[in-house]
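These notes are about the structure you will find just below.
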Amino acid sequence: MDVFKEFIVKKELTTNEKTSRLLIILACIALAFAFIIFTLGTIIQLFGILFAALSVYFGWKLITRYFVEYEYIITNADLDIDKITNQSSRKRLCTVDLHKVSEFGKYKSGMDIPDDLTIIQASANNSELEDYYLYFNHREHGSSMLIFTPSVEVVDLIKPFIPHTATVKV
């Protein structure tokens, strides 16, 4: 039987990200006013308005980079993780062959993680949701750990593809 499931989770902003967004907004507003005020009543007033508009535009582009969602796609024994920025830009983070997973379980902050692992963070950053992890070997990244926030249905679809030799801590 073929398996196909998509699940999208929205990443919650951390305190640092919220502070950065606020500082970007304040800097763009201050820069726009500075361009307008310093060129007011001069020949280059039109350029001041243009530069003010450009500063607001680029500020908006910077702020929208914080609107992140992760999409988990299970197709048979493959788990694809995509990062979606501002609902317009999609980037494939990794593809996991679930037959090559060595450990699967619930992620707890402060877990002992070996130094030689490549960590792929694709979780919602939400304390109300349950995070999971997968240890696996990736052809490009080597030994890797995926931290993600799947739904209960996605977890149930992953379990049958995990090898019997793998450690399952669910």
Side-chain angles (χ1 to χ4, degrees), residues 2-28 55-163 166 168-170:
D2 288 337
V3 175
F4 180 78
K5 178 71 178 170
E6 294 177 328
F7 182 69
I8 294 178
V9 63
K10 181 180 177 184
K11 182 180 180 248
E12 299 294 323
L13 296 177
T14 63
T15 306
N16 289 340
E17 291 171 335
K18 289 177 183 176
T19 304
S20 296
R21 278 182 39 188
L22 179 64
L23 291 175
I24 290 170
I25 290 169
L26 292 175
C28 290
S55 69
V56 170
Y57 172 75
F58 285 117
W60 175 251
K61 288 303 250 183
L62 283 174
I63 290 171
T64 59
R65 302 201 81 182
Y66 290 106
F67 302 141
V68 175
E69 297 173 331
Y70 294 105
E71 182 176 33
Y72 314 131
I73 306 165
I74 297 179
T75 309
N76 295 328
D78 289 329
L79 173 64
D80 296 321
I81 308 293
D82 292 347
K83 179 180 180 181
I84 303 169
T85 306
N86 195 27
Q87 296 182 347
S88 62
S89 172
R90 176 183 298 263
K91 179 185 176 195
R92 173 73 35 99
L93 291 180
C94 73
T95 299
V96 179
D97 183 359
L98 295 173
H99 291 128
K100 296 181 181 176
V101 170
S102 61
E103 190 173 328
F104 174 57
K106 291 184 180 180
Y107 179 77
K108 305 286 185 214
S109 60
M111 281 180 60
D112 187 29
I113 300 171
D115 293 334
D116 61 341
L117 283 180
T118 301
I119 298 175
I120 302 167
Q121 180 77 26
S123 66
N125 236 9
N126 189 338
S127 60
E128 296 173 4
L129 300 175
E130 193 92 51
D131 288 343
Y132 289 82
Y133 70 92
L134 288 171
Y135 285 123
F136 61 98
N137 275 326
H138 194 268
R139 58 181 156 17
E140 295 173 11
H141 305 297
S143 295
S144 302
M145 177 183 187
L146 170 67
I147 302 170
F148 65 121
T149 312
S151 66
V152 175
E153 185 179 1
V154 171
V155 170
D156 290 340
L157 289 173
I158 288 175
K159 283 181 185 177
F161 294 108
I162 304 294
V168 178
K169 299 178 181 179
V170 178

So, do [X] and [Y] sit near enough that their side-chain heavy atoms are less than 4.5 Å apart?
{"X": "His138", "Y": "Thr118", "value": "no"}
{"X": "Ile120", "Y": "Val96", "value": "no"}
{"X": "Thr64", "Y": "Trp60", "value": "yes"}
{"X": "Asn126", "Y": "Val9", "value": "no"}
{"X": "Glu128", "Y": "Glu12", "value": "no"}
{"X": "Leu93", "Y": "Tyr70", "value": "yes"}
{"X": "Tyr66", "Y": "Ile24", "value": "yes"}
{"X": "Thr149", "Y": "Tyr72", "value": "yes"}

If I compare all heavy atoms of [X] with all of [Y], which pair ends up nearest, and what's the gap?
{"X": "Phe136", "Y": "Val101", "value": "CB-CA, 4.2 Å"}
{"X": "Pro150", "Y": "Phe7", "value": "C-CE2, 4.0 Å"}
{"X": "Ser55", "Y": "Cys28", "value": "O-SG, 3.5 Å"}

Rounded to the nearest 0.5 Å, how far apart are [atom1] of [X] and [atom2] of [Y]?
{"X": "Asp116", "Y": "Met145", "atom1": "CG", "atom2": "CE", "value": "12.5 Å"}
{"X": "Glu71", "Y": "Ile8", "atom1": "CD", "atom2": "CD1", "value": "4.5 Å"}
{"X": "Phe58", "Y": "Ile63", "atom1": "CZ", "atom2": "CD1", "value": "14.0 Å"}
{"X": "Tyr133", "Y": "Ile113", "atom1": "OH", "atom2": "CD1", "value": "10.0 Å"}
{"X": "Tyr107", "Y": "Ile147", "atom1": "OH", "atom2": "CD1", "value": "4.0 Å"}
{"X": "Thr85", "Y": "Gln87", "atom1": "OG1", "atom2": "CD", "value": "11.0 Å"}

### Message
Under the criterion side-chain contact (heavy atoms from CB on, under 4.5 Å), I'd like the reasoning laid out for Leu79 against Phe161: C-alpha separation, chi angles, the key distance, then a yes or no.
### Response
CA-CA 10 Å; Leu79 173 64; Phe161 294 108; over 6 Å; no
Treating [X] as the side-chain partner and [Y] as the backbone partner, does any N or O pair qualify as donor plus acceptor under 3.5 Å?
{"X": "Ser123", "Y": "Asp131", "result": "no"}
{"X": "Thr14", "Y": "Glu17", "result": "yes"}
{"X": "Ser144", "Y": "Gly142", "result": "yes"}
{"X": "Asp97", "Y": "His99", "result": "yes"}

### Message
Walk me through whether Leu146 and Tyr132 qualify under side-chain contact (heavy atoms from CB on, under 4.5 Å).
### Response
CA-CA 8 Å; Leu146 170 67; Tyr132 289 82; over 6 Å; no
### Query
So does Arg92 have more than 12 non-hydrogen atoms from other groups sitting under 6.0 Å from CZ?
yes
### Phe67 atom CZ, over 12 foreign heavy atoms within 6.0 Å
yes
### Task
Determine, stepwise, if the pair Phe148 / Leu134 fulfils side-chain contact (heavy atoms from CB on, under 4.5 Å).
CA-CA 9 Å; Phe148 65 121; Leu134 288 171; 3.9 Å; yes
